[in-house]
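Counting convention: from 1, in listed order, for ligands and their atoms alike.
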Amino acid sequence: MSGGDMAKPLLGHRSTEGDPSITPAAGRTIGVLGSGDFARSLAIRLVCSGFKVVVGSRNPKRKAGLFPSAAEVTFQAEAVKKTDVIFVAVFREHYSTLCDLADVLAGKILVDVSNNTEINHHKESNAEYLASLFPASTVVKGFNVVSAWTLQSGARDGNKQVLSSSDKGQIPTVSAAEAVEKKMNIWVEEEVWRMEIYISVGIIALGLLSLLAITSLPSIANSLNWREFSFIQVTLTFADARE
Ligand SMILES: NC(=O)C1=CN([C@@H]2O[C@H](COP(=O)(O)OP(=O)(O)OC[C@H]3O[C@@H](n4cnc5c(N)ncnc54)[C@H](OP(=O)(O)O)[C@@H]3O)[C@@H](O)[C@H]2O)C=CC1
Ligand SMILES: [Fe+3]
C-alpha cells in the first residue's frame, strides 16, 4: 500500500524536522489490536510514517490480506508481546474478551481509541473501563476523534486534532504514540487550504457560466435591455476566460 498521499504524515512533515521532543519513528514497533476499519487505517498510516506495525487479530490468516504487506498480522497474544505501545482498535463491548492478555499487557501502554454509540450509557468512560480491566498497564485516551477515513485519506476533510489524556504520568512519556500524534497535529496551511481554494474557484466559475448560459436563452435575452445583455455577456465571458 503506497498511495501518494499516504506516503506523507497526516498533516505534512514540515515542522517535525529539528524537533528534539520527537523520537524518530523508523524502527519502532507499534501494536494494533483488532482488524476492523480503524485498525486498518491506523496500520496503513503508521507503516507510511515509518513505524513497524504488528496487528493482533483473532483470525490473522483471514485478515492479513486487508493490511499492508509491511504490517505483520498475527494472533493477539503474539502481537502484544512484540511491542510496548498498543492501540486497542476494538469496541468497548469487546474489551472484556481481551482479559486473557492482561499478563502480556502488564507494564505496556494501551491507547484507547473507542467511541460510544450512546451518550451516558456507561457510568465510567471507556478509557477508565479499560484501565480497570488492565490495572498493570498505562491507558492513554486518544485518536478517537479522528475517523478511519481521515487517517486513510489525509487531512483535507475531517478532524485534524488528536487529543489525548492519561491518568498515569505525562503523555510525553508515551514517545511512540506521541510521535505519531505530533506528526498528525502539524497544520500545513498551503496543503490544507489548496483544495478548498480549487473547489471554491470551480463553483464560482460554474455559477458564472450558468448565468451566461441562462442569459443566452432567447426568452431571457429578450427580457433584458441591450445594456444589461452586453454587460453580462462581455463581462462574464471575460471572467470565465480568466478562470
Ligand atoms: N471507524 C472509525 O472511523 C473510528 C473508530 N473508532 C473506534 O475504533 C474501534 C474499532 O472501530 P472499527 O474499526 O470501526 O470497528 P470494526 O467493527 O470495523 O472492527 C472491530 C474489530 O474488533 C476486533 N475484535 C476483537 N475482539 C472482538 C470481539 N470479541 N468481537 C468482535 N470484534 C472483536 C475485530 O478484529 P479481529 O476479528 O481481527 O479480532 C474487529 O475487526 C471502536 O472502539 C471505535 O469506536 C474511533 C474513531 C473512528
Ligand atoms: Fe467503523
Side-chain angles (χ1 to χ4, degrees), residues 1 5-6 10-11 30-49 53-83 85-105 108-134 137 139-166 174 177 180-181 183-185:
M1 200 54 80
D5 212 28
M6 289 304 302
L10 193 54
L11 283 159
I30 306 284
V32 180
L33 281 176
S35 62
D37 295 339
F38 201 68
R40 213 158 45 240
S41 303
L42 206 48
I44 293 169
R45 176 63 61 180
L46 284 166
V47 164
C48 290
S49 300
V53 176
V54 55
V55 178
S57 168
R58 293 167 305 161
N59 195 338
K61 264 199 186 145
R62 212 178 60 199
K63 303 295 178 70
L66 303 171
F67 286 83
S69 54
E72 182 185 347
V73 183
T74 181
F75 289 102
Q76 292 174 333
E78 290 305 309
V80 299
K81 275 181 203 157
K82 294 186 175 180
T83 172
V85 180
I86 300 131
F87 285 86
V88 185
V90 168
F91 280 98
R92 173 198 171 113
E93 288 68 27
H94 303 133
Y95 281 178
S96 58
T97 65
L98 304 174
C99 283
D100 291 346
L101 303 170
D103 287 344
V104 265
L105 288 174
K108 303 196 171 182
I109 294 158
L110 302 182
V111 186
D112 176 306
V113 300
S114 66
N115 289 309
N116 287 325
T117 44
E118 288 174 65
I119 299 171
N120 298 331
H121 188 60
H122 304 286
K123 65 178 186 329
E124 81 282 68
S125 71
N126 293 356
E128 285 170 330
Y129 175 56
L130 188 65
S132 72
L133 294 177
F134 301 98
S137 308
V139 172
V140 176
K141 181 77 192 186
F143 291 79
N144 57 309
V145 292
V146 183
S147 74
W149 188 85
T150 302
L151 271 176
Q152 281 210 29
S153 59
R156 291 195 181 98
D157 284 310
N159 192 6
K160 290 108 184 168
Q161 286 181 311
V162 177
L163 309 172
S164 64
S165 62
S166 173
V174 189
V180 188
E181 289 176 23
K183 279 188 172 195
M184 294 173 73
N185 261 326

Exercise for the section: Would you kindly specify which portion of Val90 sits under 4.0 Å from ligand 1, judged on non-hydrogen atoms: side chain, backbone, both or neither? Expected result: both
Problem - Within-shell test, Val146 vs ligand 1, heavy atom, strictly < 4.0 Å - result: yes
Problem - ligand 1 N/O within reach of Ser35 N/O, cut-off under 3.5 Å - result: yes
Fill in the blank from the handout: Min over Glu93, Arg58, Arg62 of heavy-atom distance to atom 28 (C) of ligand 1 lands on Arg58
Exercise for the section: Check whether any N or O atom of Lys63, backbone or side chain, sits under 3.5 Å from an N or O atom of ligand 1, and answer yes or no. Expected result: yes
Exercise for the section: Heavy-atom contacts with Thr97 under 4.0 Å: which atoms of ligand 1 show up? List them by number with element. Expected result: 26 (N), 29 (N)
Exercise for the section: For side chain to side chain contact (heavy atoms under 4.5 Å, CB included), just list the numbers for Ser35 and Phe67, CA-CA rounded to whole Å, side-chain angles, deciding distance to a tenth of an Å, and then say yes or no. Expected result: CA-CA 8 Å; Ser35 62; Phe67 286 83; 3.6 Å; yes
Handout entry: CA sep, side-chain torsions, deciding dist, call: Leu33, Leu101, side chain to side chain contact (heavy atoms under 4.5 Å, CB included)
Key = CA-CA 11 Å; Leu33 281 176; Leu101 303 170; 4.2 Å; yes
Problem - Test of proximity, Gly56 against ligand 1: N or O pairs below 3.5 Å - result: no
Fill in the blank from the handout: NE2 of His122 to OH of Tyr129, rounded to nearest 0.5 Å, is 8.5 Å
Handout entry: Electrostatic pair Glu128:Lys141 at N-O distance under 4.0 angstrom
Key = no
Problem - Contact check: Asn115 vs ligand 1, nitrogen or oxygen atoms, below 3.5 angstrom - result: yes
Problem - Numbered atoms of ligand 1 (with element) below 4.0 Å of Ser114, judged on heavy atoms - result: 7 (C), 43 (O), 45 (O)
Handout entry: Under 3.5 Å: N/O of Trp149 near N/O of ligand 1
Key = no
Exercise for the section: Compute whether any side-chain donor of one residue and acceptor of the other, for Asp112 and Asn126, lie under 3.5 angstrom apart. Expected result: no
Exercise for the section: Examine Phe143 against ligand 1 and note whether any of their N/O atoms are separated by less than 3.5 Å. Expected result: no
Exercise for the section: Before signing off on this row, confirm whether Gly34 and ligand 1 have an N or O atom pair separated by under 3.5 Å. Expected result: no
Practice task
Please assess Tyr95 against Ser114 for the test side chain to side chain contact (heavy atoms under 4.5 Å, CB included), listing each intermediate value before the final yes or no.
Solution key: CA-CA 10 Å; Tyr95 281 178; Ser114 66; 3.0 Å; yes
Practice task
Return a yes/no value for Arg92: is any of its N or O atoms, backbone included, closer than 3.5 angstrom to an N or O of ligand 1?
Solution key: no
Exercise for the section: Just jot down the ligand 1 atoms closer than 4.0 angstrom to any heavy atom of Ala148, in number order. Expected result: 1 (N), 2 (C), 3 (O)
Practice task
Mind running side chain to side chain contact (heavy atoms under 4.5 Å, CB included) on Val111 and Val88 for me, showing each step along the way?
Solution key: CA-CA 6 Å; Val111 186; Val88 185; over 6 Å; no
Problem - Pairwise distance CG(Asp37) to CH2(Trp149) - rounded to 0.5 angstrom - result: 14.0 Å
Exercise for the section: Would you mind listing every salt bridge (Lys or Arg N to Asp or Glu O under 4.0 Å) that reaches into residues 55-76, with sequence neighbours excluded? Expected result: Glu72-Lys82
